[in-house]
Protein chains: 2
Amino acid sequence: MNRTVEVPSWTGRLRAAGLRVTQPRLAVLDVVHQDPHASADQVAARVRAEIGSVSTQAVYDTLNTLTEHDILRRFEPAGSAMRFEIATGDNHHHLVCRGCQRVLDVPCAMGSIPCAVPEDPQGFVVEEAEVTYWGTCADCAASRSDPTGEPSAVEGPATAVSSPVTKSQVGNP
Amino acid sequence: MNRTVEVPSWTGRLRAAGLRVTQPRLAVLDVVHQDPHASADQVAARVRAEIGSVSTQAVYDTLNTLTEHDILRRFEPAGSAMRFEIATGDNHHHLVCRGCQRVLDVPCAMGSIPCAVPEDPQGFVVEEAEVTYWGTCADCAASRSDPTGEPSAVEGPATAVSSPVTKSQVGNP
DNA sequence: ACTCTTCCTGGAATCATTCAAGAAAATGCC
DNA sequence: GGCATTTTCTTGAATGATTCCAGGAAGAGT
């Protein structure tokens, strides 16, 4: 994937959703597009770097509005803050690293939405199946088994539950 | 309430995990056993009703300790607080109602853990697959389509994303 | 250009969760 | 059964993500 990523028509998508085209919104879309799975804080920081200054509320409001209009997709791995990505319509899922909180996209094997339906939903109407894979990313696995490498925020054997992730530990700088 | 619910050997499980047997811990286990998917707040309230008084921290500490020792299982649907259930070892998943936040258990169709593995994990070691089904429970569906029935905490058409669930709305009174 | 809707700013509130230090209780040994 | 040790509970406060409120500013269409 080279960086010929010509910016999709954010303006068009906003207009199509009946939303006004504002600089903060364009900047938010741009940031989320370049840096998927970003938290609200990270988005705010990068938007500020891009267009000077925005209030935190503007960012939250924008993120919520765009999410409501299906331009963004929001998800929230347990123990971390909300994260956002461009809503592409594909039904992909997320791999979350217990070591560094990194998130990777994985395409849904089934394709249909919801991609997996329980057998006896007891009258429940299932609209969406959200799958989160928990594990260890390649980097963290390497730095754990290789004592020469610095263990990056990883200290224990990382059992299925022994990860006391604090609400505030939201990934990278 | 008759107390025919003969207590499973909490004492045994605690001892087996090398934990001390204390009244708050027994009470927490009892409450979570009787009322699965309870939030920390709810657990605290019910524990207080049972043994008089416990500090909120004791509850949180207990819940965390028991979770770390695989006696409890913790999960956290996006937009709501942590919820707890007894760790039974079966790999079941959760149906979450967008209307009333109710949680239902559904057995895992696959059986194995992790029950679904992505095709190309890119070096990622998957330890666990967590599936959350989002939808509408029977009650909420009924009260929505039937205008005579009281809409129970439901007001909108509840699209896939248009549910601005506040962090504080954690289910039932 | 003008008006009106919509959005952004700034400050403050809220709620869940955690941290810190001392008091109380449970366990194991004698 | 009593006592020392270790673990756990209490009290009080901090943190951090997210949202609410009210007023002012900037877009869009006419």
Side-chain angles (χ1 to χ4, degrees), chain A residues 10-12 14-29 38-45 47-48 51-69 74-84 101 163-171, chain B residues 10-12 14-29 38-45 47-48 50-69 71 74-84 101 163-171:
Chain A
W10 299 137
T11 304
L14 287 171
R15 286 250 160 76
L19 294 172
R20 294 199 175 165
V21 180
T22 68
Q23 228 187 338
R25 286 183 175 169
L26 290 173
V28 164
L29 282 169
S39 69
D41 253 10
Q42 294 169 329
V43 171
V47 165
R48 286 194 189 99
I51 64 169
S53 88
V54 217
S55 68
T56 308
Q57 279 63 24
V59 174
Y60 273 100
D61 188 21
T62 301
L63 289 170
N64 284 334
T65 305
L66 296 179
T67 302
E68 278 161 25
H69 287 265
R74 166 169 56 190
F75 67 105
E76 186 182 328
S80 92
M82 307 191 296
R83 284 148 182 270
F84 296 87
Q101 305 292 114
S163 167
V165 181
T166 310
K167 204 80 175 177
S168 31
Q169 294 176 350
V170 185
Chain B
W10 298 138
T11 304
L14 287 171
R15 286 250 160 74
L19 295 172
R20 293 196 174 168
V21 180
T22 69
Q23 229 186 338
R25 285 181 176 169
L26 291 173
V28 164
L29 282 168
S39 69
D41 253 12
Q42 294 170 329
V43 171
V47 166
R48 286 192 190 103
E50 221 172 80
I51 64 169
S53 87
V54 218
S55 67
T56 308
Q57 279 62 26
V59 174
Y60 272 99
D61 187 22
T62 301
L63 289 170
N64 284 333
T65 305
L66 295 179
T67 302
E68 278 162 24
H69 287 264
I71 300 176
R74 168 169 54 190
F75 67 104
E76 187 181 328
S80 91
M82 306 191 296
R83 284 149 182 269
F84 297 86
Q101 306 291 116
S163 165
V165 181
T166 310
K167 203 80 175 178
S168 30
Q169 293 178 350
V170 184

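These numbers come from a predicted model, not from an experiment.
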Rounding to a whole Å, what distance do you find between A/L14:CG and C/dC7:P? 10 Å

Compare the minimum distances between each of C/dA16, C/dT9, C/dC7 and the side chain of A/R25, then state the nucleotide with the smallest one. C/dC7

Spacing of A/L66 atom CG relative to C/dC7 atom P, expressed in whole Å: 10 Å

In terms of heavy-atom contacts, A/P77 and A/R83 come closest through CD-CD, 3.8 Å

Between the base of D/dT6 and the side chain of B/R20, is one N or O donor paired with an acceptor at under 3.5 angstrom? yes

pair A/T65-A/R25: side-chain heavy atoms closer than 4.5 Å: yes

So what does B/T65 touch, heavy atoms closer than 4.0 Å: a base, only the sugar-phosphate, or nothing? nothing

Specify the residue among A/N64 and B/L19 whose closest nucleotide of DNA chain D lies further upstream toward the 5′ end. B/L19

For B/Y60 and D/dA14, what is the distance between atoms OH and C1' respectively, to the nearest whole Å? 15 Å

Can you tell which of A/D61, A/I51, A/V54, A/V43 makes a side chain to side chain contact (heavy atoms under 4.5 Å, CB included) with A/V28? A/V43

Sorted by position of nearest nucleotide on DNA chain D, 5' first, the leading residue of B/T56 and A/R15 is B/T56

When rounded to whole Å, the CZ to P distance for the pair B/F75 and C/dA16 reads 16 Å

Looking only at the side chain of A/T62 (C-beta and beyond, no hydrogens), which of the listed nucleotides C/dT18, D/dT8, C/dC8 gets closest? C/dC8

A/Q57 (side chain) and C/dG11 (base): donor-acceptor pair under 3.5 Å: yes

Nearest-angstrom distance from the residue atom CD of B/Q23 to P of D/dT10: 10 Å

Could you tell me if the side chain of A/L66 sits less than 4.5 Å from the side chain of A/L14, heavy atoms only? yes

On DNA chain C, more 5' by nearest nucleotide between B/V21 and B/A40 is B/A40

Reckon B/T22 touches a base, only the sugar-phosphate, or nothing at all at heavy-atom distances under 4.0 Å? sugar-phosphate

Out of D/dA28, D/dA17, D/dC9, minimum distance to the side chain of A/D41 belongs to D/dA17

In whole angstroms, the gap separating C1' of D/dA17 from CZ of A/R74 amounts to 13 Å

Does some side-chain heavy atom of A/V59 sit less than 4.5 Å from a side-chain heavy atom of A/Q42? no

Can you check the A/D61 CG to D/dT19 P distance for me, whole Å? 10 Å

In whole angstrom, what separates B/M82's CE from D/dA17's C1'? 15 Å

